[in-house]
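For clarity, every value in this text was computed on a predicted model and none was experimentally measured. So you know, we letter chains A, B, ... as the sequences are listed, proteins then strands, and number each from 1.
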Amino acid sequence: MHIPDGFLSPVTYIPAVVVAAPLLVYSYKKTRDTLNEENFTLLSSLTAFSFIIMMFNIPIPGGTSGHAIGTAILAIIFGPWVAAFSVSIALFIQAIIFGDGGITAFGVNTLSMGFVAAFSASFAYKLLHNRVKENIALFFSGWIGIVLASLLVAIALGIQPMFGVDGKGNPIYFPFSMQVTIPALVGAHALFFGIAEGIATILVVSFVRKIGLIRNEKQNIQDNLEMAQ
Amino acid sequence: MKKETKYLIGFIVIMCLLTPLGLIAEGSAWGEWDIEEFNKIVGFIPKSIAEFKPIIEPFIPDYEIKSIGKVASSIISAIIGASLSIGIIWAIKMKNKKGSI
């Protein structure tokens with residue numbers, strides 16, 4: 001889901017940066033104000049986890065691959081703003097140091113894997129928590145987060161053929177329309193990587209609860225839900 | 001060091017050591033093709049993709065340090081990425097006066 005440089009027209013990535021910039025500033029402030037000595041270890045570990053889990057490429061039928069993103073874990077424990085910012089840190093390191101995801105495409109990438117995934121996971125968890133079995137709530141929050149993120153990526157890529165062709169009539173930017181990108185990307189995330197994200201969300205949130213790192217979790221969840229509203 | 005902190009550090013270290021499992025997947029993510037793959041899959045290379053010059057040369061492109069092999073590259077990349085993630089969060093914590101008691 002990390003869109004590389006050159007795939008998107010400036011007509012796409014400039015507005016994406018314009019939308020993402022104030023969100024990043026606001027989420028940075030939220031993150032700064034949330035951090036303290038007590039939750040630093042957990043937030044930094046889960047940010048590192050988000051970076052690492054994106055290296056676990058899962059092969060799927062058809063010869064392609066993909067990965068979980070770890071956004072829902074952060075969103076459920078720390079709320080959507082802190083989650084979106086933390087994942088953006090991981091995405092930024094991936095783009096700058098490892099060339100994974102473009103620098104011009106950073107706006108779109110942070111909007112999809114950061115903000116869209118964090119807010120949809122948060123809303124889903126708010127909706128399901130205490131209404132269904134906890135593991136189902138955790139699983140679905142992870143699943144919907146990554147699936148909606150992939151939908152934004154599919155739209156961003158799928159509109160590129162409209163933005164120009166070269167002398168031979170070939171598209172200048174990403175060549176496939178939404179009729180292709182939506183089934184390919186959203187389909188693969190709904191069937192495979194969403195399952196991985198759901199399972200990772202269950203395992204890691206349960207692990208964190210088990211080792212007792214979330215104190216006052218009820219209050220914590222309440223704060224996060226209010227923040228999401 | 002608190003017990004919970006040890007668990008979390010252990011968890012991150014184990015995850016870093018397991019990242020070579022991600023190498024099992026040989027195919028690229030759908031759409032994230034390089035120039036050769038575009039030629040093979042699409043039949044041409046879109047102009048903007050063919051001509052794009054990286055703004056910043058990545059330090060370790062594709063998580064691979066050519067001289068040390070893929071497995072070691074993967075683990076070292078994971079450790080660098082995890083350390084930088086933790087370092088940036090730490091720097092932000094230091095910006096919060098409430099955080100630095």
Item to complete: Work out which heavy atom in B/K95 is nearest to a heavy atom in A/Y28; give both atom names and the distance.
Response: CG-OH, 3.7 Å
Worksheet item: Is the shortest heavy-atom distance from the side chain of B/K93 to the side chain of A/E37 under 4.5 Å?
Response: yes
Discussion item. Using side-chain heavy atoms (C-beta onward) and a distance below 4.5 Å, is B/L84 in contact with A/I89?
Written reply: no
Item to complete: Check whether A/I93 gets within reach of chain B through its side chain, its backbone, both or neither, counting any heavy atom under 4.5 Å.
Response: side chain
Worksheet item: Just wondering, are more than 12 heavy atoms of other shown residues or ligands nearer than 6.0 Å to CZ in A/F92?
Response: no
Discussion item. Using only non-hydrogen atoms and a strict under-4.5 angstrom cutoff, which residues of residues 72-79 of chain B touch chain A?
Written reply: B/S74, B/S77, B/A78
Worksheet item: Going by heavy atoms in the side chains, are B/P46 and A/Y173 under 4.5 Å from each other?
Response: no
Discussion item. If we ignore hydrogens and angles and just use 3.5 Å, is the side chain of B/E32 paired with the main-chain N or O of A/H2 as donor and acceptor?
Written reply: yes
Discussion item. To check you understand the geometry: which heavy-atom pair defines the closest contact between B/G27 and A/S65, and what is its length?
Written reply: O-OG, 2.8 Å
Worksheet entry | Heavy-atom proximity to chain B below 4.5 Å, by part of A/F85 | side chain
Worksheet entry | Non-hydrogen atoms of A/D166 and B/K47 that approach each other most closely | CB-CD, 4.3 Å
Discussion item. With a 6.0 Å cut-off on the ring centroids, do B/F52 and A/F7 count as close?
Written reply: no
Worksheet item: Within residues 35-43 of chain B, which positions have a heavy-atom distance to chain A below 4.5 Å?
Response: B/F38, B/V42
Discussion item. Please evaluate residues A/F40 and B/M94 with respect to the criterion side chain to side chain contact (heavy atoms under 4.5 Å, CB included), reporting the C-alpha separation (whole Å), side-chain torsions for both, the decisive distance (0.1 Å), and the verdict.
Written reply: CA-CA 10 Å; A/F40 162 70; B/M94 296 323 262; over 6 Å; no
Item to complete: Please state whether the side chain, the backbone, both or neither of B/F44 comes within less than 4.5 Å of a heavy atom of chain A.
Response: side chain
Practice prompt. Over 60° means perpendicular and under 30° means parallel, so classify the ring planes of B/F11 and A/F207, tilted if in between.
Written response: tilted
Fill in: Residue part contacting chain A, namely of B/L18, when any heavy atom lies under 4.5 Å
both
Discussion item. Heavy atom to heavy atom, less than 4.5 Å: which residues from residues 98-115 of chain A reach chain B?
Written reply: A/F98, A/G99, A/D100, A/I103, A/T104
Discussion item. Checking A/Q179 now: which residues fulfil side chain to side chain donor-acceptor pair (under 3.5 Å) with it, not counting sequence neighbours?
Written reply: A/S177
